[in-house]
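What you see below is based on every heavy atom in this structure, not just the backbone, and it leaves out hydrogens, waters and symmetry mates. Per chain, numbering begins at 1; letters A, B, ... match sequence-line order.
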Amino acid sequence: MPELPEVEATRLSFADRIAGGRIEDAWLGKALRWPLGMPVGQLVGGRVLGVRRRGKYLLLDLDKGLLLLHLGMSGSLSFAPHLPPRGAHDHFELATDRGILRLNDPRRFGAVVWTPSQSDARARKLLDGLGVEPLGADFLPEAFHAALRARKAAIKQVLLSGDIVVGVGNIYASEALFLAGIRPTLSAARISRPRAARLHAAIREVLGRALAVGGTTLRNYSNAVGERGNFQFEVAVYGRSGKPCRVCGTLIKTLRQGQRATFYCPRCQKT
DNA sequence: AAAAGCCCCTGGATGC
DNA sequence: TGCATCCAGGGGCTTT
């Protein structure tokens, strides 16, 4: 479900409010992707210093340790002074004196992991291999082009892999490639310097725009205070199979790459 | 080293 | 209405 814009929109919606909060209660329900790594009760008494993001991970800095949160395909957070009674798909809760943080995740591909610090082996295993932040200052066209040249796989899958640039999931990979006019099946290594620069700009544009409108809400996504995104009204190709391209009118096509659907315009994305 | 598949899990949409 | 099948915003792990 959530890609970078949704995760960042979620972070922005509660980071300032929870910061400084003292943990009064902590609860873990059904198992998520991995075990927490400590008895959940030991979180009580600690403090939440702040919330950062790395790729699609949320990093809750505690006075003692670090809590890594991942929303997987279907996860979302809620944060409020009071929340309705827990439902079947609520799996984690952190009650602080600033409010209650709750993770809802029907498919349970998400995760909550505690580590003593970001340099701990468990944290490093999850974070170290990640590519650069697409909206950060070190995402640069030249280095991006150089990294693409080393990869022969299809550009769509290279984007999705997250090891060159993070945060681009299935929606925004298709959208960025459309904006850049690049066929999703093209080998990354065969993308010219100017086209790589165009793709670089497209990734920033589409993620930046999606974040600005609160992300994409296909089904249930909303940020931690219940606000839905609006980027679904602006998608050019994702989920628009068989509909006319907004630029040229050609019918949008779907194909399957590595178990995931890819959408593109055969005319705007010729090669 | 990179690439390709597999799989975790639940719910909604579609088809018979 | 009931049941089977397919599909879904991710990504770590194993195998080629």
Pairwise P distance for C:dC6 and B:dC6, with rounding to whole Å: 15 Å
Euclidean distance, atom CG of residue A:L58 to atom C1' of C:dG10 [Å, nearest integer]: 14 Å
Side-chain ion pair, A:R151 and A:D163, N-O less than 4.0 Å: yes
Euclidean distance, atom CG of residue A:D163 to atom C1' of B:dA4 [Å, nearest integer]: 14 Å
Contact under 4.0 Å: A:K30 side-chain N or O vs B:dC9 OP1/OP2: no
P gap between B:dC9 and C:dC3, integer Å: 23 Å
Rounded interatomic separation in angstrom, taking NZ from A:K156 and C1' from C:dG9: 11 Å
Nearest-Å distance for atom pair CD1/P, residues A:I164 and B:dA2: 9 Å
Polar side chain donor-acceptor pair, A:Q257 to A:T262, under 3.5 angstrom: yes
Nucleotide C:dA8, atom C1' - distance to OH of A:Y221 in whole Å: 17 Å
Atom-to-atom span, CG of A:L32 to P of B:dC9 - whole angstrom: 12 Å
Step-by-step salt bridge (charged side-chain N to carboxylate O under 4.0 Å, His left out) determination, A:K56 to A:E6: CA-CA 9 Å; A:K56 297 172 190 167; A:E6 293 76 36; over 6 Å; no
Sugar-phosphate, base or nothing in reach of A:R151, heavy atoms under 4.0 Å: sugar-phosphate
Sugar-phosphate only, base, or nothing, as touched by A:Y172 at under 4.0 Å among non-hydrogen atoms: nothing
Between C1' of B:dC8 and NE2 of A:H91, the distance in whole Å: 13 Å
Sugar-phosphate only, base, or nothing, as touched by A:G258 at under 4.0 Å among non-hydrogen atoms: nothing
Pairwise side-chain contact, A:D90 with A:L103, heavy-atom cut-off 4.5 Å (strictly under): no
Check: A:T10/A:N223 side-chain N/O donor and acceptor closer than 3.5 Å: no
Quiz item: cation-pi between A:R86 and A:W27, 6.0 Å / 45°: yes
From C:dA8, B:dA4, B:dG11, nucleotide with atom closest to A:H89 side chain: B:dG11
Detail all sub-3.5 Å separations between protein N/O atoms and N/O atoms belonging to nucleotides 11-15 of chain C.
unit_1: C:dG11; atom_1: OP1; unit_2: A:H70; atom_2: NE2; d: 2.7
unit_1: C:dG11; atom_1: OP2; unit_2: A:K56; atom_2: NZ; d: 2.9
unit_1: C:dG12; atom_1: OP1; unit_2: A:Y57; atom_2: OH; d: 2.9
unit_1: C:dG12; atom_1: O4'; unit_2: A:R33; atom_2: NH2; d: 2.9

First of A:V158 and A:R219 reached from the 5' end of DNA chain B, by closest nucleotide: A:V158
Between P of C:dG10 and CG of A:N220, the distance in whole Å: 15 Å
DNA chain B base-pair string [pairs: Watson-Crick or G-U under 3.5 Å; |: paired with another strand]: .|||||||.|||||||
Ring centres under 6.0 angstrom apart (A:F139, A:F144): yes
base_contact_polar (B:dC9 base, A:R108 side chain, donor-acceptor, <3.5 Å): no
Stacked pair A:F109-B:dC8, distance under 5.5 Å, angle under 30°: yes
salt_bridge(A:D97, A:R22) N-O dist < 4.0 Å: no
Between A:Y238 and A:T216, a side-chain donor and acceptor under 3.5 Å: no
Sugar-phosphate only, base, or nothing, as touched by A:A261 at under 4.0 Å among non-hydrogen atoms: sugar-phosphate
Under 3.5 Å side-chain donor-acceptor pair for A:R219 and A:Q232: no
